[in-house]
Amino acid sequence: MSHPARDLVDRLQNSQPPNKQLGQHFLINEGVLDSIIASAQLQKEDHILEIGPGPGVLTQRLMESGATVSAVEIDAVICDHLRKEFPTLNLTHQDALIHDWPREINAIVANIPYQISSPLIEKMTHYEHIKRAVIMVQEEFAHRLNQTTYSDHCSLGMVARLDWKIELAQKVPPHFFSPQPKVQSRIVLLSRIPRPEHWRLIRELIQHTYAQRRKKIRNTLRKSGGRFLSLGPWKHEWNSLIQSFENKWMDARPEELGFDDWCDFATKIIQHYHRCIDI
Ligand code: SAH
């Protein structure tokens with residue numbers, strides 16, 4: 001290993017103090033960096049995207065693996081530091097949420113800025129050639145993604161399950177970072193899975209009903225008039241559909257339904273839709 005993590009972090013921090021608004025908490029624990037790399041199971045053929053490389057503590061390990069590495073970093077001073085430390089790194093100075101990620105990337109490995117965790121997961125999901133990711137996130141966010149307990153049920157986690165197998169790996173305490181964050185962190189592994197039938201409709205159902213998560217599904221759907229569905233508007237059929245559905249779905253609030261319930265629900269809607277258009 002060429003540079004100890006602490007040296008890279010110190011060299012960057014000599015140029016400018018960390019900006020907490022940009023989630024700048026840098027990893028200084030070599031053991032955690034090793035486990036991120038071990039979980040990533042890198043191959044020479046991989047093209048990895050690192051989001052927010054910061055001082056480059058993970059970047060140098062990714063580059064040493066022999067995989068192709070691209071990185072996107074929002075902070076100009078950090079980009080200058082990275083260009084000096086890693087002249088061969090393919091680095092883009094931009095907001096990772098706006099940046100058009102290279103089409104060749106097949107995996108993401110990153111200790112990401114926590115404040116953009118949700119939109120990053122959403123963006124990753126739409127880049128279908130990304131097959132896996134190893135990311136560090138806030139502990140609480142990891143449980144929402146994994147739907148660990150009933151109270152972790154949320155739109156983000158439920159929708160993520162349509163595209164990803166999610167596994168929680170090592171828990172990481174604040175003192176493994178400099179400066180220390182106030183929260184615990186967790187390494188999370190995501191592996192792409194085949195999309196279920198009616199993927200788009202299930203996503204819409206979940207996102208639409210969770211937008212009013214305290215309301216019964218019946219009330220939210222009744223008001224929608226079926227317009228939010230990718231099937232298109234079908235007002236009359238929609239009213240009869242609402243009446244025909246079993247109460248187990250319609251009387252529930254979104255967080256009371258599990259993943260399989262949403263899939264069954266979408267299948268029933270599609271069956272009803274086909275009955276309507278066949279008449
Ligand atoms: N991966 C490094 C740094 C983590 S801190 C490490 O483990 O030490 C998060 C990094 O993400 C910082 O360098 C911050 O400047 C960068 N960042 C924050 N918001 C970003 C965004 N929207 N796009 C790209 N990089 C971002």
Side-chain angles (χ1 to χ4, degrees), residues 23 25 27 32-54 56-74 89-92 94-148 152 154-172 184-196 199 203 259:
H25 299 278
L27 270 172
V32 171
L33 289 159
D34 289 341
S35 18
I36 294 175
I37 294 294
S39 303
Q41 300 188 348
L42 300 168
Q43 310 283 325
K44 297 250 176 307
E45 307 75 50
D46 283 330
H47 188 153
I48 308 295
L49 177 68
E50 186 187 7
I51 292 153
V57 292
L58 188 58
T59 321
Q60 71 172 351
R61 281 175 163 79
L62 292 170
M63 291 174 81
E64 280 162 9
S65 77
T68 308
V69 183
S70 295
V72 51
E73 168 60 59
I74 202 170
L89 175 66
N90 175 16
L91 175 68
T92 306
Q94 208 179 21
D95 181 337
L97 294 177
I98 294 172
H99 177 47
D100 202 3
W101 297 348
R103 288 285 139 191
E104 310 76 45
I105 56 173
N106 67 332
I108 290 186
V109 182
N111 168 27
I112 63 172
Y114 294 171
Q115 74 279 10
I116 60 167
S117 303
S118 299
L120 266 184
I121 300 282
E122 182 65 9
K123 182 162 178 172
M124 244 169 66
T125 300
H126 291 290
Y127 276 68
E128 287 178 54
H129 47 285
I130 298 179
K131 300 299 178 202
R132 61 189 209 281
V134 180
I135 52 173
M136 175 92 75
V137 296
Q138 187 174 335
E139 170 79 348
E140 192 195 22
F141 182 85
H143 287 290
R144 281 172 44 216
L145 202 54
N146 186 49
Q147 313 262 293
T148 308
D152 294 313
C154 63
S155 170
L156 168 97
M158 207 54 93
V159 165
R161 278 198 56 183
L162 294 166
D163 289 82
W164 304 100
K165 177 175 156 225
I166 292 155
E167 294 165 274
L168 301 192
Q170 191 178 337
K171 189 169 168 177
V172 181
Q184 298 283 331
S185 303
R186 176 75 78 157
I187 301 171
V188 177
L189 319 184
L190 294 99
S191 333
R192 179 80 66 173
I193 52 172
R195 289 180 170 171
W199 173 85
R203 272 176 70 92
F259 182 71

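Here, residue 1 is the first one in the sequence, and each next residue gets the next number.
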**Student:** Determine, for Asp46 against Arg132, whether the closest basic-nitrogen to carboxylate-oxygen distance falls under 4.0 angstrom.
**Tutor:** yes

**Student:** Any salt bridge linking Arg61 with Glu50? Criterion: basic side-chain nitrogen under 4.0 Å from a carboxylate oxygen.
**Tutor:**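 No, no charged N to carboxylate O under 4.0 Å.
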
**Student:** Using the side-chain contact (heavy atoms from CB on, under 4.5 Å) rule, take Ile116 and Leu97 through it: C-alpha gap first, then chi angles, then the decisive distance, then the call.
**Tutor:** CA-CA 8 Å; Ile116 60 167; Leu97 294 177; 3.8 Å; yes

**Student:** To the nearest 0.5 Å, what is the distance between CD (Gln43) and OG (Ser65)?
**Tutor:** 9.5 Å

**Student:** Indicate yes or no: at least one non-hydrogen side-chain atom of Ser70 is less than 4.5 angstrom from one of Glu104.
**Tutor:** no

**Student:** Under the criterion side-chain contact (heavy atoms from CB on, under 4.5 Å), I'd like the reasoning laid out for Ile105 against His129: C-alpha separation, chi angles, the key distance, then a yes or no.
**Tutor:** CA-CA 7 Å; Ile105 56 173; His129 47 285; 4.3 Å; yes

**Student:** Is there a side-chain contact between Trp164 and Met124 in this structure, where contact means two heavy atoms from C-beta onward sitting under 4.5 Å apart?
**Tutor:** yes

**Student:** What orientation do Trp101 and Tyr127 show, parallel under 30°, tilted 30 to 60°, or perpendicular over 60°?
**Tutor:** tilted

**Student:** Restricting to non-hydrogen atoms, name the atom on Val32 and the atom on Gln170 that form the minimum distance, rounded to 0.1 Å.
**Tutor:** CG2-NE2, 3.7 Å

**Student:** So how far is it from Ile48 CD1 to Leu42 CG, rounded to the nearest 0.5 Å?
**Tutor:** 5.0 Å

**Student:** Inspect the surroundings of CD in Glu140 and state if more than 12 heavy atoms from other residues, nucleotides or ligands are less than 6.0 Å away.
**Tutor:** no

**Student:** Side chain of Asn106, backbone of His47: donor and acceptor closer than 3.5 Å?
**Tutor:** yes

**Student:** Checking side-chain hydrogen bond (donor to acceptor under 3.5 Å, both in side chains) between His126 and each of Glu122, Glu128, Lys123, which is the one that passes?
**Tutor:** Glu122

**Student:** What are the two closest non-hydrogen atoms of Met136 and Ile36, and how far apart are they?
**Tutor:**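 Between these two residues, the closest heavy atoms are CE-CD1, 4.2 Å.
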
**Student:** If you define the side chain from C-beta out and look only at heavy atoms, does anything of Ile135 sit under 4.5 Å from Ile108?
**Tutor:** yes

**Student:** Step by step, work out the side-chain contact (heavy atoms from CB on, under 4.5 Å) result for Val72 and Leu49.
**Tutor:** CA-CA 8 Å; Val72 51; Leu49 177 68; 4.2 Å; yes

**Student:** What distance do Gln138 atom CD and Arg186 atom CZ have between them, rounded to the nearest 0.5 Å?
**Tutor:** 12.5 Å

**Student:** Measuring from atom CE of Met63 to atom CG of Asn90, what distance do you get when rounded to the nearest 0.5 angstrom?
**Tutor:**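 So the gap between those two atoms works out to 9.0 Å.
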
**Student:** Let's go through Val159 and Thr125 carefully: what are the C-alpha distance in whole Å and the side-chain angles of both, what is the deciding distance for side-chain contact (heavy atoms from CB on, under 4.5 Å) to 0.1 Å, and is it a yes or a no?
**Tutor:** CA-CA 10 Å; Val159 165; Thr125 300; over 6 Å; no

**Student:** For Ala160 versus Ile166, what's the shortest heavy-atom pair and its separation?
**Tutor:** CB-CD1, 4.0 Å

**Student:** Using every non-hydrogen atom in the two residues, find where Arg203 and Leu162 come nearest and quote the distance to one decimal.
**Tutor:**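 That would be CG-CD1, 3.4 Å.
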
**Student:** For atom NZ of Lys165, decide whether the heavy atoms of other residues, nucleotides or ligands shown that lie under 6.0 angstrom number more than 12.
**Tutor:**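 Counting other residues, nucleotides and ligands, NZ of Lys165 stays at 12 neighbours or fewer.
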
**Student:** Would you indicate whether Gln41, at its atom CD, is surrounded by more than 12 heavy atoms from other residues, nucleotides or ligands within a distance under 6.0 Å?
**Tutor:** no

**Student:** Within a strict 4.5 Å, meaning less than it, do heavy atoms of the Leu145 and Val137 side chains meet?
**Tutor:** no

**Student:** Roughly how far, to the nearest 0.5 Å, is the NE2 atom of His143 from the OG1 atom of Thr148?
**Tutor:**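 Result: 5.0 Å between the selected atoms.
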
**Student:** Closest approach of Ile193 and Arg161, non-hydrogen atoms and distance?
**Tutor:** CD1-O, 3.6 Å

**Student:** Between Gly54 and Glu73, what is the shortest heavy-atom contact and its length?
**Tutor:**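 For Gly54 versus Glu73, the nearest heavy atoms are N-OE1, 3.1 Å.
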
**Student:** Does any part of the side chain of Trp199, heavy atoms only, come nearer than 4.5 Å to the side chain of Asp163, both counted from C-beta?
**Tutor:** yes

**Student:** Do Val109 and Ser39 make a side-chain contact, defined as non-hydrogen atoms from C-beta onward lying under 4.5 Å apart?
**Tutor:**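 Sidechains of Ser39 and Val109: no contact.
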
**Student:** Using a 4.5 Å cut-off on heavy atoms from C-beta on, say whether the side chain of Asn111 contacts that of His25.
**Tutor:** no

**Student:** In Å, rounded to the nearest 0.5 Å, how long is the span from CG of Leu89 to CD of Gln60?
**Tutor:** 11.5 Å

